[in-house]
Amino acid sequence: MPTAKNFYESVYAVVRQIPYGCVTSYGAIAKAIGAPKSARMVGYALQHSPGDVPAHRVLNRNGVLTGKHHFPGENLMQQLLENEGLTVITNQVQNFEKHFWEPKIQ
DNA sequence: TGAGTGACTGTAA
DNA sequence: CTTACAGCCACTC
């Protein structure tokens, strides 16, 4: 079995821990799982993520919805974030630092 | 086996 | 301040 699957599962596990109304960055997740250089892989993993993973809460370090186009709808990601009390303008989350949640390793 | 790709990040100009 | 370039790891063809 590919050991990389553990990497994916680790990403999913961290993303599932993101509380309601909070967001984080790919690099933060990558660092949380012990691979700060693999931020790109986090995004790649989210692309293969199951439906029970709140991938809409994961943005880049800039607070921009880089993966918005990968969601079913054209503005679904933004709608989900706004539904959680966040403000999104031009694919960018306002007060990103304020809603930022740092992943924790259990 | 090797080369190409990507939901990123940090540093330089 | 904004824009550009290179590094990085895992996966697919």
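Computed from heavy atoms alone, side chains included, the values below leave out hydrogens, waters and symmetry copies. So you know, we letter chains A, B, ... as the sequences are listed, proteins then strands, and number each from 1.
- Using a 4.0 Å heavy-atom cutoff across all strands shown, A:A30 reaches no nucleic acid atom at all.
- One donor-acceptor pair, N or O on each side, does fall under 3.5 Å between the base of C:dC8 and the side chain of A:R40.
- Remark: side-chain polar atoms of A:S25 are not paired, donor with acceptor, to backbone N or O of A:L59 under 3.5 angstrom.
- Heavy atoms of other residues, nucleotides or ligands lying less than 6.0 angstrom from CD of A:E102 number 12 at most.
- Judged purely by atom type and a 3.5 angstrom limit, A:N75 has no side-chain atom pairing as donor or acceptor with the backbone of A:Q78.
- Checking side-chain atoms of A:N60 against main-chain N and O of A:N62 turns up a donor-acceptor pair under 3.5 Å.
- Between the A:Y26 side chain and the A:R61 main chain, no donor and acceptor come within less than 3.5 Å of each other.
- The 12-atom threshold is not exceeded at NZ of A:K31, counting heavy atoms of other residues, nucleotides or ligands nearer than 6.0 Å.
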Could you write out DNA chain B as dot-bracket? Rules: Watson-Crick or G-U wobble, both distances under 3.5 Å, brackets [ ] for crossings, | for pairs with another strand, dot for unpaired. .|||||.||||||
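- A salt bridge links A:E84 and A:R57; the closest N-O separation between the charged side-chain nitrogens and carboxylate oxygens is under 4.0 Å.
- Considering only side-chain N and O atoms, A:T66 lies under 4.0 angstrom from the phosphate OP1 or OP2 of B:dC8.
- Rounded to whole Å, atom C1' of C:dC11 lies 16 Å from atom CG of A:N6.
- Counting to the nearest Å, the C1' atom of B:dT5 and the NE2 atom of A:H70 are 12 Å from each other.
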Look for any protein N or O under 3.5 Å of an N or O in nucleotides 9-13 of chain B and output each such pair with its distance, or none.
{"from": "B:dT9", "atom 1": "OP1", "to": "A:G27", "atom 2": "N", "distance (Å)": "3.4"}
{"from": "B:dT9", "atom 1": "OP1", "to": "A:R61", "atom 2": "N", "distance (Å)": "3.1"}
{"from": "B:dT9", "atom 1": "OP2", "to": "A:R61", "atom 2": "N", "distance (Å)": "2.7"}

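- Taking the six-membered ring for Trp and thresholds of 30 and 60 degrees, A:H48 and A:Y44 have nearly parallel ring planes, at less than 30 degrees apart.
- To the nearest angstrom, P of B:dA7 lies 14 Å from CG of A:L65.
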